[in-house]
Amino acid sequence: MKKYEMLFILRPDIEEEERNQVIEKFKTIVAERQGEVENVDEWGNRKLAYEIQKLNEGYYVLMNFKAGVDVPHELDRNAKILDSVIRHLIVCLDNE
């Protein structure tokens, strides 16, 4: 298993319940594929460097996890589908 880091930005206008559902969905995807979520760090609302979808702010969440190579592809697919995710980035932290 490799170490990964996923940073995603959620719409700032969604309810806390919906925000928690999105975070849980990503954690469940990792767990269902025998991965391990190490840390979820919610940074909160921050100003964006540039306007995205007519929004100037976003709710930032950083998730560190260990998983096989198929998990980032599934997370990427789901992040593209969800309307509440305005941007995301997945980085492999292993230098092999």
Side-chain angles (χ1 to χ4, degrees):
M1 287 197 294
K2 292 186 176 189
K3 287 186 174 187
Y4 293 94
E5 181 175 87
M6 178 180 184
L7 178 68
F8 53 98
I9 306 171
L10 302 173
R11 299 181 62 84
D13 55 352
I14 63 173
E15 298 292 326
E16 184 178 353
E17 182 179 325
E18 185 180 350
R19 184 169 56 234
N20 291 335
Q21 287 175 350
V22 171
I23 294 169
E24 281 302 314
K25 180 178 180 91
F26 289 146
K27 287 169 62 175
T28 303
I29 290 170
V30 173
E32 285 177 347
R33 288 165 175 74
Q34 286 73 42
E36 176 187 334
V37 176
E38 295 178 332
N39 185 32
V40 176
D41 190 12
E42 296 183 39
W43 295 355
N45 282 333
R46 303 248 174 144
K47 186 173 164 91
L48 299 173
Y50 54 90
E51 192 174 278
I52 302 172
Q53 299 175 5
K54 298 185 180 180
L55 297 170
N56 293 320
E57 280 190 349
Y59 191 89
Y60 284 67
V61 181
L62 177 70
M63 181 172 77
N64 295 319
F65 61 96
K66 290 182 186 176
V69 294
D70 62 323
V71 175
H73 297 293
E74 186 64 20
L75 288 170
D76 182 54
R77 188 182 73 79
N78 278 275
K80 288 177 181 176
I81 293 171
L82 293 171
D83 291 333
S84 56
V85 178
I86 56 175
R87 282 288 189 273
H88 70 282
L89 178 68
I90 304 170
V91 179
C92 180
L93 300 176
D94 286 343
N95 294 328
E96 294 182 37

Straight-line distance of [X] [atom1] to [Y] [atom2], nearest 0.5 Å:
X: E5; Y: M63; atom1: CD; atom2: CE; value: 10.5 Å
X: R46; Y: Y59; atom1: CZ; atom2: OH; value: 10.5 Å
X: M6; Y: N64; atom1: CE; atom2: CG; value: 12.0 Å
X: L10; Y: D83; atom1: CG; atom2: CG; value: 12.0 Å
X: L93; Y: Y4; atom1: CG; atom2: OH; value: 9.5 Å
X: D13; Y: E57; atom1: CG; atom2: CD; value: 10.5 Å

Exercise: identify the closest heavy-atom pair between [X] and [Y]:
X: V40; Y: K27; result: CG2-CD, 3.9 Å
X: Q53; Y: I86; result: OE1-CG2, 3.4 Å
X: K3; Y: D94; result: N-OD2, 3.1 Å
X: L48; Y: L55; result: CD1-O, 3.5 Å
X: S84; Y: E18; result: CB-OE2, 3.8 Å
X: R33; Y: D70; result: CD-OD2, 3.9 Å

**Partners passing side-chain hydrogen bond (donor to acceptor under 3.5 Å, both in side chains) against N45 (at least two apart in sequence or in another chain)** = none
**Item:** Intermediate values then yes/no, side-chain contact (heavy atoms from CB on, under 4.5 Å), I9 and V85
**Value:** CA-CA 6 Å; I9 306 171; V85 178; over 6 Å; no
Can [Y] be reached from [X] by stepping across I, L, V, M, F, W or Y side chains whose heavy atoms are under 4.5 Å apart?
X: I52; Y: F8; answer: no
X: I90; Y: V37; answer: yes
X: V61; Y: L82; answer: yes

**Item:** Candidate pair F65 and F26, rule ring-ring contact (aromatic ring centres under 6.0 Å, His included), full reasoning
**Value:** CA-CA 11 Å; F65 61 96; F26 289 146; 9.7 Å; no
**Prompt:** Between N78 and E74, is there a donor-acceptor pair closer than 3.5 Å when you use the side chain of the first and the backbone of the second?
**Reply:** yes
**Asked** Can you check side-chain contact (heavy atoms from CB on, under 4.5 Å) on H88 and L75, steps first, answer last?
**Response** CA-CA 10 Å; H88 70 282; L75 288 170; over 6 Å; no
**Request:** Might you confirm whether atom CG of D41 has over 12 heavy atoms from other residues, nucleotides or ligands at distances under 6.0 Å?
**Result:** yes
**Heavy atoms of other groups near E16 CD, more than 12 under 6.0 Å** = no
